[in-house]
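Inspection log for the structure reproduced underneath, given as structure tokens.
Below, chain A is the first sequence line, B the second, and so on; all start at residue 1.
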Number of protein chains: 2
Amino acid sequence: MTKIDDVARLAGVSTATVSRALRGLPTVSAATRRRVLAAAEQLQYAVSPSASRLAGGRTGTVAVVVPRITRWFFGVVVEAVEDFIHHAGYDLLLHNLGGREQNRQRLLRAANLHKRVDAIMLVATPLRAADLTTLAALDLPGVTISSGTTVPGWPCVRIDDVAAAKTATRHLLGLGHRRIAHISGDPDDELAFTAHLDRRRGYQEALRDAGLRPDPSLDVESQFDIAGGTRATEELLRRGDPPTAIFAACDEMAMGALTALRDAGLRVPQDVSVIGIDDHALSGVLGLSTIAQPAEEQGRLAAKMLLDPLGGQTGEPGMIAAGSPVILPTRLVVRESTAPARAN
Amino acid sequence: MTKIDDVARLAGVSTATVSRALRGLPTVSAATRRRVLAAAEQLQYAVSPSASRLAGGRTGTVAVVVPRITRWFFGVVVEAVEDFIHHAGYDLLLHNLGGREQNRQRLLRAANLHKRVDAIMLVATPLRAADLTTLAALDLPGVTISSGTTVPGWPCVRIDDVAAAKTATRHLLGLGHRRIAHISGDPDDELAFTAHLDRRRGYQEALRDAGLRPDPSLDVESQFDIAGGTRATEELLRRGDPPTAIFAACDEMAMGALTALRDAGLRVPQDVSVIGIDDHALSGVLGLSTIAQPAEEQGRLAAKMLLDPLGGQTGEPGMIAAGSPVILPTRLVVRESTAPARAN
DNA sequence: CTGAAAGCGCTTACAG
DNA sequence: CTGAAAGCGCTTACAG
């Protein structure tokens with residue numbers, strides 16, 4: 001493999017100059033730079049990342065942590081982030097926690113991030129006090145996506161989960177529904193995605209604003225995915241006196257609800273209305289009403305906030321403004337799964 | 001940050017011994033190892049990956065390349081692979097091509113993999129002759145998933161796409177359908193996932209086996225996703241004399257077909273039967289008949305074939321058996337989207 | 001089983 | 001604008 005010395009020799013300059021020229025530092029004359037680039041090209045030279053990292057102290061790598069890449073929101077976020085990160089000249093180290101607490105702990109043992117990355121993005125990853133200590137000790141820039149994941153000094157990009165849930169619930173109220181159920185994430189779940197707590201709060205507040213008292217028997221906790229939505233809905237139906245509408249904390253749970261309702265012989269929306277949050281790629285196919293949230297934009301914006309201050313491949317490390325979270329807007333999308341409550 | 005010298009001093013041994021003890025090499029006495037581990041623990045020592053890589057020549061990192069992480073198959077594969085890779089003590093560098101040829105080219109410029117990883121996994125990534133040369137020059141172990149991605153000397157894990165398509169088509173034939181349309185990927189698409197060519201072949205062979213001649217007007221190419229399925233189906237309906245059944249090359253296209261049919265006022269399966277390939281997480285919700293393929297298992301198996309020969313974190317680099325591809329079984333799953341053709 | 005020393009291939013002050 | 005030299009923090013023969 002050709003190394004920097006070979007290029008230096010061919011170009012007739014020192015290795016220091018090769019290093020500067022190849023990285024585009026300004027302190028190289030145009031003529032020299034040209035010769036170096038030509039030599040590097042001719043020899044098919046590629047810098048050794050390990051050597052460069054060891055000498056330079058920067059890894060050119062960003063860690064991205066998500067709970068489950070197979071869920072709609074996280075897949076879309078990672079796709080947007082990946083694009084931004086690679087265009088900025090960085091590599092992306094992926095950590096998918098797979099919904100397992102054990103993986104979260106392994107990752108957050110300092111050694112697994114220590115000196116491996118220049119920056120960290122945490123997407124909907126619950127953090128305990130000990131984790132915050134570990135992250136602080138790492139002393140790296142970072143950014144988080146989703147409420148419930150907050151690291152002092154790191155900016156955060158998210159939606160207003162309370163408001164989104166309120167909008168969903170009010171949509172159902174506006175259609176005349178009064179027995180509105182809510183299905184959401186289980187706080188006992190390992191690695192619970194905590195945004196659902198805000199969503200429940202929005203649901204309850206909307207009910208109260210309408211003069212209704214939240215009914216615990218209409219509030220079911222389950223996993224934050226399709227199967228969880230199915231199980232929660234089955235449980236709801238088992239309790240008797242079924243709701244006329246269901247607000248699910250995410251579209252995947254709402255889809256599970258659709259399945260359970262169909263299997264129970266109930267029609268959507270004639271017998272039961274259903275709404276979720278996300279605007280999942282398949283929500284249109286299913287005719288699911290939802291509160292759309294901009295997943296791609298959250299990913300892109302968070303990546304930008306993380307990398308811009310780092311100054312790209314060759315720039316100087318910088319500072320990230322922490323401040324208050326950046327809240328992106330959500331939007332009610334009415335499809336076929338919600339309809340007026342039947343008069344009775 | 002504490003370094004190996006600090007540990008060596010505290011433990012009263014040389015850095016060489018610390019290095020050996022920490023990596024679990026056998027040539028260290030139990031007593032010494034204990035002292036070293038205690039010292040490392042006490043100092044919260046974490047090895048510097050860059051230094052270790054530069055000195056040792058191994059990166060402890062695997063590159064995983066997928067076309068689009070947001071599609072069902074690739075998300076599931078990455079989740080399975082990520083789990084295996086991290087448990088084996090490696091890091092995962094993610095490359096999502098985002099369906100763009102330009103990204104593929106950037107990745108395959110030698111510099112972007114050169115000395116960055118110990119091994120490569122290519123999932124459904126089309127390769128040209130020049131790419132094969134680049135990969136060969138990298139001289140790294142690798143593995144591929146999906147037909148259409150073949151690298152000399154690398155093992156491949158996949159399903160039998162021809163057989164899967166035949167099974168799907170025969171299912172429709174068995175229900176009495178004769179006008180069976182096919183919607184599949186567009187070969188002109190950048191970064192086309194080439195498995196669809198095999199799937200078309202299976203479709204055509206099944207028709208011929210049944211004594212039917214494939215009708216070009218019933219064979220539409222589009223993008224390999226939901227929107228592509230919708231567009232292809234709209235095109236099909238525009239041609240007049242609609243098919244009584246549609247075999248889509250993947251479930252996401254089949255879901256797009258469901259949308260288009262519904263919007264055209266056609267009922268599934270009463271007017272048109274639909275079947276796909278995958279068994280997508282939402283196929284059950286939609287009642288979509290399909291040919292299930294084991295995505296998770298393909299990922300896990302490929303990861304295992306890639307890493308086992310590398311001997312884990314501390315073992316010796318090894319050889320991968322190339323040989324013939326490992327073909328995993330598929331299975332017909334009949335749901336509500338396919339039904340007998342109406343007599344007429 | 002252990003250590004001294006060289007070396008991995010770069011980047012970075014420092015000097016000019 | 002450019003170069004000589006030190007140094008980044010490990011691992012690996014080699015010797016004992």
Value in whole Å for how far the [atom2] atom of [N] lies from [atom1] of [X]:
X      : N      : atom1 : atom2 : answer
B/D6   : D/dG9  : CG    : C1'   : 11 Å
A/R116 : D/dG9  : CZ    : P     : 16 Å
B/D5   : C/dA4  : CG    : P     : 12 Å
B/L54  : C/dC10 : CG    : C1'   : 7 Å
B/L22  : D/dC10 : CG    : C1'   : 11 Å
B/H114 : C/dC8  : NE2   : P     : 15 Å
B/K115 : C/dC10 : NZ    : P     : 7 Å
B/L43  : D/dC10 : CG    : C1'   : 16 Å

* Asked: Do A/V326 and A/L301 touch side chain to side chain, with heavy atoms closer than 4.5 Å?
  -> yes
* Asked: Do the non-hydrogen side-chain atoms of A/F73 and A/V123 ever get within less than 4.5 Å of each other?
  -> yes
* Asked: Taking it one step at a time, do B/T59 and B/D118 satisfy side chain to side chain donor-acceptor pair (under 3.5 Å)?
  -> CA-CA 6 Å; B/T59 65; B/D118 294 337; 2.9 Å; yes
* Structure fact -> Under a 3.5 Å limit on both distances, the Watson-Crick or wobble mate of C/dA4 is none
* Could you tell me which nucleotide pairs with C/dA13 by Watson-Crick or G-U wobble geometry, both distances under 3.5 Å, or answer none if nothing does? => none
* N or O in side chain of A/T17 less than 4.0 angstrom from D/dG3 OP1/OP2 -> yes
* To do: Return no unless some side-chain N or O of A/S14 is found under 4.0 Å from OP1 or OP2 of D/dG3.
  => yes
* To do: Could you please name the option among D/dC1, D/dG9, C/dG9 that lies closest to any side-chain atom of B/S48?
  => D/dG9
* **Electrostatic pair A/D131-A/R104, nearest N-O below 4.0 angstrom** => yes
* Is the shortest side-chain N to carboxylate O distance from B/D6 to B/K3 below 4.0 Å? -> no
* To do: Assess whether atom CD of A/Q105 is packed by more than 12 heavy atoms of other residues, nucleotides or ligands within 6.0 Å.
  => yes
* Of B/V28 and A/T2, whose nearest nucleotide on DNA chain C comes first from the 5' end? -> B/V28
Would you indicate what [X] reaches in the nucleic acid, counting non-hydrogen atoms under 4.0 angstrom: base, sugar-phosphate, or nothing?
X     : answer
A/P49 : nothing
A/S50 : nothing
B/T27 : base

* To do: Could you run through nucleotides 11-16 of chain C and give me one letter per nucleotide, 5' to 3': B if any protein heavy atom sits under 4.0 Å from the base, S if only the sugar-phosphate is that close, - if neither?
  => SBB---
* To do: Working to the nearest 0.5 Å, report the span between CD1 of B/I120 and OG1 of B/T125.
  => 10.5 Å
